[in-house]
**Q** 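Right, I'll just put the structure down here and ask away after.
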Protein chains: 2
Amino acid sequence: MHIQPSFRARPGSGTGVPELLSAMQPAAVSFHPADAVIYAPGEAAGPLYFVEFGCVRLLRVTADGRRQISAFHMAGEVFGFEASGVHDSFAESVEGVGLRRLRPANPDQAAGTMLQLALRNLARTEQHLMVLGRRSAGERLAALLLDLADRQESDGLVHLPMQRLDIADYLGLTLETVSRVLRTLKEQRMIRLRSTSDIEILDVAALRALCD
Amino acid sequence: MHIQPSFRARPGSGTGVPELLSAMQPAAVSFHPADAVIYAPGEAAGPLYFVEFGCVRLLRVTADGRRQISAFHMAGEVFGFEASGVHDSFAESVEGVGLRRLRPANPDQAAGTMLQLALRNLARTEQHLMVLGRRSAGERLAALLLDLADRQESDGLVHLPMQRLDIADYLGLTLETVSRVLRTLKEQRMIRLRSTSDIEILDVAALRALCD
DNA sequence: CGACCTGTTGATTCTGCTCAATCAACGTGG
DNA sequence: CCACGTTGATTGAGCAGAATCAACAGGTCG
């Protein structure tokens with residue numbers, strides 16, 4: 001894993017990402033091994049982060065230890081937005097991850113692209129609210145698998161970079177339930193488990209029917 | 001209810017709202033009676049909306065009719081952000097509501113303030129993810145009551161502009177559960193129900209302990 | 001090999017949902 | 001003024017889905 005000097009166009013990440021970066025003084029790629037803390041609540045916010053490769057999780061923890069992952073960010077995406085000057089969440093690497101800090105030279109000039117990126121994250125988060133508030137366990141897993149399939153341009157093969165506990169904490173479930181639901185989806189011939197972290201989607205229509 | 005020519009400073013709405021408005025060509029106040037649709041999914045997005053008075057709900061509905069309210073917006077707040085050019089949610093009035101359309105003359109110039117407002121909504125939504133994903137029914141109600149108490153500057157008296165079904169669809173519960181939990185909080189002497197829509201907070205510390 | 005970590009599976013419990021009845025507040029019309 | 005219908009809120013009984021507690025399997029690494 002080493003520094004990649006150019007920005008790669010990423011599938012499924014929408015438009016406008018490459019061009020925005022030139023205006024935002026991207027720093028060199030920094031590497032973070034798995035489960036490293038990139039920032040923590042209370043730390044000063046400011047620079048954004050562009051994911052060069054790997055996967056990052058954003059999460060909050062309650063006083064009694066319950067975790068909620070608000071988002072995973074994959075290659076080509078940008079995170080680190082905060083309304084106040086201080087981070088509210090943890091950002092941690094899921095697997096080894098390469099990041100570029102973005103430090104806009106002229107904040108006013110970059111505000112337009114930052115707004116676009118922030119709105120994309122807002123839309124994703126609002127969508128996730130529906131999943132957590134109104135979806136059954138099976139529907140939640142289906143939504144995650146389709147979302148990942150969409151963000152990777154895999155034809156029918158989805159890679160899960162995160163492990164079961166992270167999936168559970170993202171979907172508001174327990175890891176046991178995640179495991180059981182995956183088995184159920186498998187028994188219904190909707191998916192096939194190549195390995196614990198590689199899932200083959202056998203029936204996209206059926207999965208899509210589960211989440212609308 | 002009639003047009004109010006000046007912008008009122010609102011408690012709990014944070015900073016920067018009044019000054020932003022002058023840069024955004026606010027239109028005259030339009031009035032919407034209760035349960036009116038302000039915009040619907042599929043409609044072209046563009047202008048933002050400033051809430052002059054009243055309360056608005058943002059919501060999505062699944063194919064089989066399950067509702068999830070992603071946010072309530074009260075006087076002094078701004079909503080209507082969309083990543084694409086098209087709305088994903090319904091915006092509806094909860095009670096009679098007065099709105100001003102904001103149509104930035106120069107989008108680049110307004111991007112900075114729009115970014116601030118969007119980030120505020122993003123932070124709120126991420127916070128709500130934790131509530132829906134990891135909180136019990138009692139904790140969810142406590143969080144809502146404290147949030148409303150904070151946004152109104154009521155000392156101990158919270159007004160609920162929305163009815164039980166809306167509360168339930170915001171918190172990912174059923175209206176029966178909302179009713180039952182309110183009774184439990186009442187029996188525990190944490191709140192008192194002046195009427196169905198006016199709640200007196202008797203023990204802030206206890207409520208706060210429920211949500212951290 | 002054995003310790004450890006992750007994931008799977010099973011048995012049981014419990015929180016919140018579903019279905020349903022009741023109640024209070026309100027408006028309308030006889 | 002009162003009978004009636006409507007709407008929102010409350011309460012109860014039974015149920016279901018997911019959590020909890022617990023055991024076990026497979027892989028990896030020392």
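Any value given below was found using the heavy atoms of this structure, including those in side chains, with hydrogens, waters and symmetry copies removed. Here the structure is a predicted model, which means the values were calculated and not measured. Just so we're on the same page: letters track the sequence lines, and every chain starts at 1.
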**Q** Is any NZ, NE, NH1 or NH2 atom of the basic residue among B:R134 and B:E139 found under 4.0 Å from an Asp or Glu carboxylate oxygen of the other?
**A**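 Salt bridge: no.
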**Q** C:dG7 C1' sits how many Å from A:M162 CE, rounded?
**A**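 That distance rounds to 16 Å.
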**Q** Can we say B:R57 and B:D35 salt-bridge, meaning some charged N sits less than 4.0 Å from an Asp/Glu carboxylate O?
**A**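 B:D35 and B:R57: salt-bridged.
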**Q** What is the distance from CG of A:D166 to P of C:dC5, rounded to the nearest Å?
**A**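 Spelled out: CG on A:D166 to P on C:dC5 is 16 Å.
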**Q** For A:L165 and C:dC5, what is the distance between atoms CG and P respectively, to the nearest whole Å?
**A**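 These atoms are roughly 14 Å apart.
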**Q** Who passes side-chain contact (heavy atoms from CB on, under 4.5 Å) against B:A142, sequence neighbours left out?
**A**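 Applying side-chain contact (heavy atoms from CB on, under 4.5 Å) to B:A142 gives B:L207, B:L210, B:C211.
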**Q** With no hydrogens and no angle check, just 3.5 Å: does a side-chain donor-acceptor pair link B:H87 and B:E82?
**A**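 Side chains of B:H87 and B:E82: pair found under 3.5 Å.
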**Q** Just how far, in rounded Å, is P of C:dG7 from CG of A:D198?
**A**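 Between P of C:dG7 and CG of A:D198: 13 Å.
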**Q** How would you summarise protein contacts on nucleotides 11-30 of chain D per nucleotide, using B for base, S for sugar-phosphate only and - for none, with heavy-atom distances below 4.0 Å?
**A** BBB----SSBB---------
**Q** Atom CG of A:L185 to atom C1' of C:dT8: distance rounded to whole Å?
**A**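 So the two atoms are 15 Å apart, to the nearest Å.
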**Q** Is it true that atom CZ of B:R101 has more than 12 heavy atoms of other residues, nucleotides or ligands lying nearer than 6.0 Å?
**A**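 Counting neighbours around CZ of B:R101, 12 or fewer heavy atoms of other residues, nucleotides or ligands fall under 6.0 Å, so no.
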**Q** A:D35 has an atom CG; how far is it from atom P of C:dC5, in whole Å?
**A**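 After rounding, the gap between these two atoms is 13 Å.
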**Q** Between atom CD in B:Q163 and atom P in C:dA25, what is the gap in whole Å?
**A**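 Going from CD in B:Q163 over to P in C:dA25 covers 17 Å.
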**Q** Measure the distance from CZ on B:R164 to P on C:dC17 and round it to the nearest whole Å.
**A**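 Roughly 15 Å, once rounded to whole Å.
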**Q** Could you list the residues that satisfy ring pair (Phe, Tyr, Trp, His ring centres under 6.0 Å) with B:F72, not counting sequence neighbours?
**A**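 Result, ring pair (Phe, Tyr, Trp, His ring centres under 6.0 Å) vs B:F72: B:Y170.
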